[in-house]
Amino acid sequence: MRFHTRKWVKPEDLNPNSSLFGGKLLAWIDEELALYAIIQLENYRIVTKHMSEINFRSSAHQGDIIEIGIDVVKFGNTSITLKCEARNIMTRETIITIDAITMVSLDADGKPHAHGKTSIEFIKDRMK
C-alpha cells in the first residue's frame, strides 16, 4: 500500500464525541481516490461508482495526523478499482479500511469511457 496524503485533524473535523467525524474522513478518502484515478487514467472526468463495506477500526483525535494509502485492485475497461487504508501516523493504528472502490472514467457527455490502461503508471516514467 502506498500512502500518498496526510491530513491533520483539526477542531472543525471532530464529531460531538471529540473524535474524527467519519464523514470528514470519507470525504478526504474520496477526494484522494479521485485524484489518484485522474492521474492514472489521465482523465479529469472521474466519478466514484461504488464503495464496498467500510470498516472503521479505530478513531483519531484533534492533533493527530492521518495518512491515506491506496492500492490498485484491478483495471477495468472504463474503471479502476482501488483499495484504501487510512491510519494514524503517530500510533500506526488503522482507522479505516475499504477493500474495493470503483472509479469510472467518463467522456464529455458523462458516459463511461474506455481508458485503455492496464497497469499502474508512475509520473516519473511519463516525464521521460
Side-chain angles (χ1 to χ4, degrees):
M1 177 114 7
R2 289 182 174 88
F3 288 84
H4 298 273
T5 296
R6 295 184 178 127
K7 296 288 188 177
W8 189 17
V9 181
K10 298 176 279 197
E12 60 267 24
D13 304 324
L14 303 179
N15 62 27
N17 194 41
S18 296
S19 60
L20 177 61
F21 176 56
K24 176 62 93 170
L25 179 56
L26 288 172
W28 289 343
I29 288 170
D30 195 39
E31 180 179 22
E32 185 64 21
L33 294 169
L35 292 170
Y36 187 86
I38 287 165
I39 292 165
Q40 283 301 309
L41 303 182
E42 298 183 88
N43 180 4
Y44 65 89
R45 293 183 181 103
I46 298 291
V47 293
T48 306
K49 181 179 186 330
H50 175 263
M51 278 192 182
S52 68
E53 178 178 295
I54 299 165
N55 185 6
F56 286 95
R57 297 173 52 183
S58 67
S59 60
H61 299 90
Q62 184 177 336
D64 287 347
I65 300 169
I66 307 307
E67 55 184 359
I68 300 170
I70 298 170
D71 263 342
V72 174
V73 175
K74 71 176 184 175
F75 285 86
N77 184 42
T78 62
S79 66
I80 184 171
T81 302
L82 308 166
K83 66 180 177 179
C84 178
E85 175 184 352
R87 66 185 181 191
N88 186 321
I89 200 169
M90 312 304 272
T91 65
R92 292 289 189 217
E93 283 187 289
T94 296
I95 298 168
I96 190 173
T97 57
I98 308 171
D99 292 334
I101 307 103
T102 304
M103 309 298 285
V104 176
S105 178
L106 304 177
D107 64 16
D109 295 324
K111 304 290 185 200
H113 171 72
H115 51 68
K117 306 292 182 172
T118 59
S119 63
I120 298 171
E121 294 179 345
F122 297 96
I123 298 221
K124 66 179 175 64
D125 296 328
R126 290 183 190 161
M127 304 305 273
K128 292 180 179 178

Does Phe3 CZ have over 12 foreign heavy atoms under 6.0 Å away?
-> yes
Taking atom CZ of Phe21 as the centre, does the number of heavy atoms from other residues, nucleotides or ligands within less than 6.0 Å exceed 12?
-> no
I need the [X] [atom1] to [Y] [atom2] distance, nearest 0.5 Å.
X      : Y      : atom1 : atom2 : result
Ile98  : Leu26  : CD1   : CG    : 5.5 Å
Leu33  : Ile101 : CG    : CD1   : 5.0 Å
Ser105 : Glu42  : OG    : CD    : 10.5 Å
His113 : Leu106 : NE2   : CG    : 9.5 Å
Ile65  : Arg6   : CD1   : CZ    : 8.0 Å
His4   : Ile68  : NE2   : CD1   : 10.5 Å

Main-chain N/O of [Y] paired with [X] side-chain donor or acceptor, under 3.5 Å:
X      : Y      : value
Asp109 : Lys111 : no
Asn17  : Ser19  : no
Glu121 : Gln40  : no
Asn43  : Asp107 : no

Applying the side-chain contact (heavy atoms from CB on, under 4.5 Å) test to Val104, which of Leu41, Ile80, Thr78 qualifies?
-> Thr78
Please report the closest heavy-atom contact between [X] and [Y], naming both atoms and the distance.
X     : Y     : result
Leu20 : Leu14 : N-CD2, 4.0 Å
Gln62 : Pro11 : NE2-CG, 3.4 Å
His61 : Ser59 : CE1-OG, 3.5 Å
Asp64 : Trp8  : O-CD1, 3.5 Å
Ile66 : Asn88 : CD1-CA, 4.3 Å

Residues Glu93 and Ser58: side-chain donor-acceptor under 3.5 angstrom | no
Residues passing the salt bridge (charged side-chain N to carboxylate O under 4.0 Å, His left out) test with Asp13, sequence neighbours excluded, are Lys24
How would you list all residue pairs meeting salt bridge (charged side-chain N to carboxylate O under 4.0 Å, His left out) that involve residues 80-91, not counting sequence neighbours?
-> Glu67-Arg87
